[in-house]
Each structure stands twice: as structure tokens, then as C-alpha cells.
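Report on one structure; see the data block that follows.
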Protein chains: 2
Amino acid sequence: MAELASNTISPARERILEAAERVVGDVGAARMTLDGVAQAAGVSKGGLLYHFPSKESLLGALAKRYVESMTDCVEQAKSGTGETDGRDLKACIVGILAQQPRAKIVGMGAALFAAAANDLTLLEVIRERIAQYTKQIESSDVDFARAAVVTLAIDGLMMRESLRISCFTEEQRERVVQQLLQIADEAYR
Amino acid sequence: MAELASNTISPARERILEAAERVVGDVGAARMTLDGVAQAAGVSKGGLLYHFPSKESLLGALAKRYVESMTDCVEQAKSGTGETDGRDLKACIVGILAQQPRAKIVGMGAALFAAAANDLTLLEVIRERIAQYTKQIESSDVDFARAAVVTLAIDGLMMRESLRISCFTEEQRERVVQQLLQIADEAYR
DNA sequence: CAAGGTGTACCGGCTGGACGGTATATTCAC
DNA sequence: GTGAATATACCGTCCAGCCGGTACACCTTG
């Protein structure tokens, strides 16, 4: 478990969020109920509602958590490889796709779809993040189109894996990641 | 119960499917109700239930329609550019991403997510299609990794647009498509 | 051809159950 | 004892699926 530097962290709160992700992955976004999440988290419904006053707030927290966790992964990979900032395209690839507990990313993707299924506006957080990133690669000296293709491919792979419709073998997946790294390199000519 | 052969095209049936896509796009997957779809299609709920005996069957039809429509787009683009088969990577790009009524793809993507939200198993159709396509690019003489990246980027862009979180300008999007075409070309060296 | 029969397409009300949310009770920490 | 954290019971709403009915287009058959 990584320690979260953000706001006050309640252990129960975290347990609920994790349980919610599990439930979504198991039964699908639309069939995720508050009772189900509470049961999976080992908490009563009232306890759940204490931490998240409404279903929407739970979904919102899930979406927010997704963005934060994603940024964490990239940040971690960036400091790990010692890349200068402005060149975090490769950190995205390594940080997101080569993550050790693969299930983490899959679960968070599923949570994202849950948020989307229940309320499209909950995706605003993601949209802002994408807008920010798009602007970043546009204003830097990197080849825009190549960099954009890399980010799109990352999204595509994540989506497939979250929806469990990815059909790559481990070896094929590794080759794809290597290819993405190469395209990212080419973008820095 | 009336079993409909998959080929029979009832005008009402088609109208319902289109309405369902519209509703999903408007209110989100989880808030899609049979009443809402029936109203949007200009039929009564009973009429809807006549064509689709259950909500699941409606969702299933939506997913199936998605796959079929996708194949149609590619097939159409392939015959349009006169490419030899085995080289339909570029046809995928042109057929799916450069589609004229953009809303069509967006709507179908939304429908796909609706199906996924209500029942993960409905995605089996998509999974099979992806498996088939993965095998195809693996066994052909095309550079597997490059081709895979192209398909992933297509998926990523489609997903972003279906979820309305894409932030590209028209001009940027065009450059991305051109870049994909170029990478597809490079894959055939 | 008329009268009754049969199948298709569609309608709209109903209901049982599920689900989100509230109100209230209880426990625990300080 | 005070307030945070958690549990239980309950309420109102919403919705999927069912059912009985209608309209109409066809057969039959006498």
C-alpha cells in the first residue's frame, strides 16, 4: 500500500473504496449497489453512508482516486528513471502499463466505467486531466502526433484490460510496450 | 416468445435500437430504462418488450450491432481504397476514425459501454472480434507491435470520444489520424 | 363471399422487488 | 459525557417483467 499524501485518510474509507472497485469488477457497473459495497467492505450500510453521504459521492471519490493513482504511478516512474520533466511520455508508459500489480490498474479502470455509467459528469475530472496533458504535449517540443498516438494506445490498452477484452499474450503485450517506448523516443527527434 | 432471425430487419426494431443508443448517450448507461427507450422510439413499453423480451436482450443486440457496424465500416473502406486483404489496417483507420457521421461511432461506443455496465458477459462478442483480429495481424507479415499499437490507439480514441473526454481540436485529430496511417505504413516494411 | 379462426404487432396498466436515502439506536474513544 | 463511527430498521421511489387487451392482416371453410 502506498501512503497517500492527500487529505485525512480513514482506513475504513480506503477499505470501502477498494471494496467498491472489487464489486464493480465482479458484477458490473450498473449492478453495483450500496448494500453490496457495504457488505464487501465489511461495513454496514450506515457506516458506508457516513463516509460517503450519497452514491454519487462514492462514485466521485472513485473517479478522483483513479486520476490521483494514475498521476502517482507516472510520478513514481519518472523519479525512478530520472527523466527530466517535459519528457514524461515514457514515464506514462512505464508507470501505467508496466505496473507490478496489474489488477490495480484494471480495478481502477473498472471504477472509472462505473462512474461513467452512473453519471457522465463524473468524468469531468478525467477530462480535465486529459486536456491538461494534451496541452502539455502540444506546447512542448515533442512531435505532437506521435506523442498523442502513444497516449491513445495506453488508454486503449487500459480500457481493454479493464473491460477484460484484451487478447494479448504476456509476450505480445511486452512487445507492444517496447514498441510504445520506441515511438515515444522517435517523438523526441 | 418470438425469436427473430438476426437477419430479419424490422423497421420498429431498428428504430428502437437507435433510440436506445440516443438514450444511453443522453442519460448514461445506468439510467437507461425501458420506458425511456420506448418513449424515445415512439413505441409503448409493451411494443418494445415484444421485440426485445428483456433488457438484457436489448443490450445484447446493441453490442452485436456495434460489432457488425464496425465490420461494415472497415469493409466499406477496404473496397473503397481497393486495398488487398491482409492489409486492412489502414482500412480500419479510415473506416472507423474518418467516418463521416462521427456521431454514429460515438453512439455505438456509448451503447457498448451500456452493455458492459449492465452485464460484463455481453462483451464476449467484442472479445471474440478482438481475438480474431489479434490473430490476424500476428499471422500476417505485418510488424505485429506496430499494428497492435495502431489498433490500440484507434480503440483509445473511440473510447475517449464515446465518453466525451477527448480534447483534441479537429486539426489535432486529423494529424493523429495521419500519424496512424504513417505508422501503419511503417508496419508493412 | 361472409363468418369464424389464427397469428402478428403493439399497447398500457400493474406489481413485486430492489435500491437509494433517512432516522434512529448503539458503541467506542478521549 | 460528548462526539465520532457504526449498525439496524424503515420509507418512498423506480423499474423490469408480466399480463390482459386491441387492431389488423391473413387464412380457412362452408
Side-chain angles (χ1 to χ4, degrees), chain A residues 4 7-24 26-63 111 113-122, chain B residues 1-24 26-63 111 114-122:
Chain A
L4 282 301
N7 297 343
T8 45
I9 164 94
S10 149
R13 200 185 148 90
E14 200 62 17
R15 226 173 53 236
I16 291 172
L17 254 9
E18 279 164 20
E21 281 177 13
R22 245 187 21 246
V23 170
V24 170
D26 288 350
V27 304
R31 292 190 203 284
M32 176 193 115
T33 77
L34 293 189
D35 294 88
V37 172
Q39 198 173 338
V43 179
S44 77
K45 192 176 173 183
L48 189 157
L49 257 355
Y50 174 80
H51 291 283
F52 302 96
S54 72
K55 189 179 191 181
E56 190 183 352
S57 80
L58 173 60
L59 261 359
L62 239 30
F113 288 121
N118 283 273
D119 185 357
L120 276 317
T121 64
L122 254 21
Chain B
M1 66 195 76
E3 79 249 31
L4 279 282
S6 55
N7 292 346
T8 42
I9 25 111
S10 155
R13 200 184 148 90
E14 200 63 18
R15 231 175 47 238
I16 291 172
L17 253 10
E18 278 163 19
E21 281 177 13
R22 246 187 20 246
V23 171
V24 169
D26 287 349
V27 304
R31 293 191 203 285
M32 176 193 113
T33 73
L34 293 190
D35 292 271
V37 173
Q39 197 173 340
V43 295
S44 76
K45 191 175 175 183
L48 189 156
L49 254 2
Y50 173 80
H51 291 282
F52 303 96
S54 72
K55 191 179 191 181
E56 189 184 352
S57 79
L58 174 60
L59 261 359
L62 239 30
N118 284 273
D119 185 358
L120 277 317
T121 64
L122 254 21

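Values in this document were obtained by computation on a predicted structure and should not be read as measured data. The chains referred to below are lettered A, B, ... by the order of the sequence lines, with proteins before strands, and numbering in each begins at 1.
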Under 4.0 angstrom between B:K45 side-chain N/O and C:dG12 OP1 or OP2: no
Is it true that, when you exclude A:Q39 itself, more than 12 heavy atoms of the residues, nucleotides or ligands shown sit nearer than 6.0 Å to its CD? no
How do A:G46 and A:M32 order along DNA chain C: which one's closest nucleotide is nearer the 5' end? A:M32
How long is the line joining CG of A:D35 and P of C:dT22, in whole Å? 14 Å
Can you tell me which nucleotide in D:dT8, D:dC15, C:dG21 comes closest to the side chain of A:L34? C:dG21
Between C:dC19 (P) and A:Q39 (CD): distance, integer Å: 12 Å
As a quick check of understanding, evaluate side chain to side chain donor-acceptor pair (under 3.5 Å) for B:D119 and B:T121, giving each step before the final call. CA-CA 5 Å; B:D119 185 358; B:T121 64; 2.8 Å; yes
Pair B:L120-A:D26, side-chain contact (heavy atoms from CB on, under 4.5 Å): steps then yes or no: CA-CA 9 Å; B:L120 277 317; A:D26 288 350; over 6 Å; no
Give the rounded distance in Å between these two atoms: CD1 of B:I16 and C1' of C:dC10. 10 Å
In Å and rounded to the nearest 0.5 Å, what is the CZ to CE distance from A:R22 to A:M32? 13.0 Å
Are side-chain heavy atoms of B:F52 and B:L34 found at a separation under 4.5 Å? no
From D:dG17, C:dG21, D:dA16, nucleotide with atom closest to B:S54 side chain: D:dG17
What nucleotide, of D:dA7, D:dA16, C:dG20, holds the atom closest to the side chain of A:S44? D:dA7
Is any side-chain nitrogen or oxygen of B:Y50 closer than 4.0 Å to OP1 or OP2 of C:dC10? no
How many whole angstroms separate atom CD of B:E56 from atom C1' of D:dC15? 16 Å
To the nearest Å, how far apart are B:K55 NZ and C:dG17 P? 19 Å
Over how many whole Å does the gap from A:L49 atom CG to D:dA4 atom P extend? 17 Å
side-chain N/O B:H51 vs C:dC10 OP1/OP2, d < 4.0 Å: yes
Nearest whole angstrom, please: distance from the C1' of C:dC10 to the CZ of B:F52. 14 Å
For B:L48, which contact category applies under a 4.0 Å heavy-atom criterion: base, sugar-phosphate, or nothing? nothing
